[in-house]
Amino acid sequence: MIKIQQNTTLLTSIEQKISGKNSEFSKALAKVEQFKKDLEELGPLRLAFKLNMDKIKEKIEEKRAELAQLFKLAELSGDEKARTIASIEEMLEAYKKQLLEQMQAAKELEEENKKQAQKSPSAKVDVMRAFAFLDTKNAAQNKAQNKQDELLKSLL
């Protein structure tokens, strides 16, 4: 009887884990479907911009909560609370500007890397040609050296 109860408990536990996994899978699938829908509606550039802006908004909200806790906003009242909120908003505006500048700098760096990558294949080809030339030159020098060695051997 105890064994049956343990097995039933084990099966129930397994079923819960499976249903939890299915739920997680369903949520992930819904996110993928939403991303696909957004991509079709907005296009890749606008979607990337939207996702970046969403990240920035999320970071700003995190920073707002952090600053509210730091300045103990819940404990303040009246004019002092209003001044503190105004100061926090100024800080958040500066933070948003900083995040946008970082995003722009990252974009510029990526574009520069792409330009370098486009230049690199031709540079690689030039390097390969240089190595091929050097290999050919070395082979010719080796042949000449071998002929000189053979002549020296024949003379001796």
Got a list of side-chain donor-acceptor pairs under 3.5 Å for residues 62-75, not counting sequence neighbours?
unit_1	atom_1	unit_2	atom_2	d
Arg64	NE	Glu89	OE2	3.2
Arg64	NH1	Glu61	OE1	3.2
Arg64	NH1	Glu61	OE2	2.5
Arg64	NH2	Glu89	OE1	3.0
Arg64	NH2	Glu89	OE2	3.0

Contacts of type side-chain hydrogen bond (donor to acceptor under 3.5 Å, both in side chains), residue Glu101, not counting sequence neighbours
none
Straight-line distance of Lys59 NZ to Gln98 CD, nearest 0.5 Å
10.0 Å
Qualifying residues under side-chain contact (heavy atoms from CB on, under 4.5 Å), relative to Glu90, sequence neighbours excluded:
none
Separation between CE of Met91 and OG1 of Thr84, rounded to the nearest 0.5 Å:
8.5 Å
Please identify each residue that fulfils side-chain hydrogen bond (donor to acceptor under 3.5 Å, both in side chains) with Asp54, with sequence neighbours left out.
Lys50
Going by the rule side-chain hydrogen bond (donor to acceptor under 3.5 Å, both in side chains), which residues pair with Glu110 if we only count those two or more places apart in sequence or in a different chain?
none
With sequence neighbours excluded, what pairs up with Glu93 under the side-chain contact (heavy atoms from CB on, under 4.5 Å) test?
Lys96
Looking at CD of Glu112 and CD of Glu108, how far apart are the two atoms once the value is rounded to the nearest 0.5 Å?
9.5 Å
Audit row: Asp79, Arg83, side chain to side chain contact (heavy atoms under 4.5 Å, CB included) steps and yes/no
CA-CA 6 Å; Asp79 289 344; Arg83 284 194 305 271; 3.5 Å; yes
From CD1 (Ile60) to CG (Leu99), nearest 0.5 Å
6.0 Å
I'd like to check the side-chain contact (heavy atoms from CB on, under 4.5 Å) partners of Lys57; sequence neighbours left out, ordered by chain and number.
none
Taking salt bridge (Lys or Arg N to Asp or Glu O under 4.0 Å) as the definition, give me every residue that meets it alongside Glu40, ordered by chain and number, with sequence neighbours left out.
none
Partner residues of Asn52 under the side-chain hydrogen bond (donor to acceptor under 3.5 Å, both in side chains) criterion, sequence neighbours left out
none
Interatomic distance, NZ@Lys81 vs CD1@Ile88, rounded to 0.5 Å, equals 10.0 Å
Residues which pass side-chain contact (heavy atoms from CB on, under 4.5 Å) with Lys37, listed by chain and number, not counting sequence neighbours:
Gln34, Glu41
How is the hydrophobic cluster of Leu51 composed, in terms of its other members, when Ile, Leu, Val, Met, Phe, Trp and Tyr link through side-chain heavy atoms under 4.5 Å apart, directly or indirectly?
Phe35, Leu39, Leu42, Leu47
